[in-house]
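Structure record follows, encoded as structure tokens.
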Amino acid sequence: MNEIPVITIDGPAGSGKGTIAKLVAKKLGWHILDSGALYRLTAFAALKKGVSFEDESTLAILARNLDVIFDDGEILLENQKVTTDIRSEECGNAASKVAACGVVRDALLQRQHDFRQAPGLIADGRDMGTVVFTDAPIKIYLTASAEERAKRRLNQLKENGINASLPRLIQEIEERDDRDMNREEAPLKPADDAIVIDSSKMNIEQVVKKVMEAIDK
Ligand code: DC
């Protein structure tokens with residue numbers, strides 16, 4: 001049994017998992033795993049190399065051999081900074097397609113386990129509590145309405161200088177939810193022992209407070 005503690009934070013696109021994971025990791029001084037970035041990087045590499053999303057075995061090879069460095073908030077793929085590129089809606093939607101492929105998920109499993117380093121890990125994703133770190137003592141499932149999540153995404157994109165339309169974002173978020181929740185491999189759902197937090201009417205501080213209360217208990 002692995003003694004290093006893990007707190008999993010799963011939930012749909014735009015639920016604020018990434019922000020909450022970063023803040024909680026900072027408070028505790030723990031490491032962080034942004035597992036979505038691994039799927040985004042695989043999709044990004046596939047788009048760049050012209051690999052079809054139907055070609056599962058080549059996608060799995062790409063995923064297994066990702067030459068990636070996570071360096072203090074920056075992400076380097078084959079020594080090129082891709083931190084902002086992989087955050088585009090196009091890459092997020094492509095990641096959701098790539099992530100439906102079981103062999104890709106298997107190829108990324110060990111890489112995710114390797115993030116479990118002392119003193120502890122905050123793991124952010126879709127299947128952190130249900131598949132990757134089933135023994136995590138604290139599992140959070142963070143959600144919010146599709147409209148609220150689309151609004152947050154719109155603001156996030158604006159901050160990064162990317163333009164988008166709200167109705168289109170709502171539609172894309174609903175499509176992504178549908179794909180992530182209804183796929184056969186590791187579908188997005190709360191673990192049986194997860195604490196479910198609906199952040200639709202909560203601000204960031206309130207959500208962090210709720211997570212920290214769960215940890216203190
Ligand atoms: O969290 P994100 O938006 O960066 O994730 C991008 C896509 O990757 C998401 O739509 C589904 C997939 N994903 C996954 O299937 N499993 C994870 N643990 C994390 C992300």
Side-chain angles (χ1 to χ4, degrees), residues 6-22 25 32-47 53 56 59-60 62-63 66 68 70 73 75 77 82-116 121-134 136 139-144 146 148-150 152-157 160 162 164 169-191 194 199:
V6 181
I7 296 171
T8 59
I9 306 184
D10 289 306
S15 58
K17 293 171 290 136
T19 308
I20 302 301
K22 273 192 207 121
I32 192 158
L33 163 61
D34 171 6
S35 60
L38 296 174
Y39 291 96
R40 284 173 184 266
L41 286 160
T42 306
F44 186 81
L47 289 168
F53 293 156
E56 300 200 350
L59 287 177
L62 273 185
L66 278 180
V68 58
F70 290 90
I75 303 177
L77 182 65
V82 295
T83 324
T84 314
D85 306 73
I86 64 161
R87 294 290 146 210
S88 71
E89 289 311 291
E90 185 200 6
C91 200
N93 291 326
S96 162
K97 287 178 193 154
V98 163
C101 170
V103 284
V104 169
R105 306 198 73 84
D106 291 345
L108 291 174
L109 198 58
Q110 187 57 46
R111 206 182 271 266
Q112 296 176 80
H113 286 159
D114 291 344
F115 277 79
R116 192 170 191 169
L121 176 69
I122 308 293
D124 151 8
R126 302 291 188 292
D127 61 341
M128 298 294 96
T130 51
V131 176
V132 182
F133 300 108
T134 47
K139 299 178 183 176
I140 307 286
Y141 186 87
L142 189 59
T143 188
E148 183 56 40
R149 288 184 281 131
R152 290 177 192 168
R153 195 65 116 194
L154 187 69
N155 290 336
Q156 226 174 36
L157 290 169
N160 291 323
I162 303 168
L169 279 178
I170 295 176
Q171 191 195 338
E172 282 179 359
I173 278 200
E174 284 174 345
E175 281 170 13
R176 183 120 73 97
D177 283 358
D178 184 52
R179 217 172 16 240
D180 292 348
M181 289 172 177
N182 296 311
R183 67 185 178 211
E184 273 175 32
E185 303 287 340
L188 170 64
K189 61 174 182 192
S199 73

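Since this is a predicted model, take the numbers as computed values, not measurements. Atoms within a ligand are numbered from 1 in the order they appear, just like the ligands themselves. Hydrogens, waters and symmetry mates play no part in the numbers below; they use all other heavy atoms, side chains included.
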task: Provide, to 0.1 Å, the distance between atom 6 (C) of ligand 1 and the closest protein heavy atom, together with that atom's residue and name.
output: R176 NH1, 3.7 Å
statement: atom 7 (C) of ligand 1 has as its nearest protein heavy atom A95 CB, 3.7 Å
Which of the ligand 1 atoms, numbered from 1, are nearer than 4.0 Å to a heavy atom of [X]:
X	value
K17	1 (O)
R40	2 (P), 3 (O), 4 (O), 6 (C)
D180	9 (C), 10 (O), 11 (C)
G125	18 (N), 19 (C)
M128	18 (N)

Under 3.5 Å, sequence neighbours excluded: what are the donor-acceptor pairs made by side chains of residues 91-109?
residue : atom : partner : partner atom : Å
N93     : OD1  : R176    : NE           : 3.3
N93     : ND2  : E89     : O            : 3.2
S96     : OG   : R179    : NE           : 2.8
S96     : OG   : R179    : NH2          : 3.4
S96     : OG   : D180    : OD1          : 3.0
R105    : NH1  : A99     : O            : 2.8
R105    : NH2  : Y39     : OH           : 3.3
R105    : NH2  : D127    : OD1          : 3.4
R105    : NH2  : D127    : OD2          : 2.9

Quick check: [X] and ligand 1, any N/O pair under 3.5 Å apart?
X	answer
S35	yes
D124	no
Y39	no
D34	no

message: Testing the 3.5 Å rule here: is there a donor-acceptor pair between the side chains of Q156 and N160?
response: no
query: Hey, does R179 sit under 4.0 Å from ligand 1 if you only count heavy atoms?
result: no
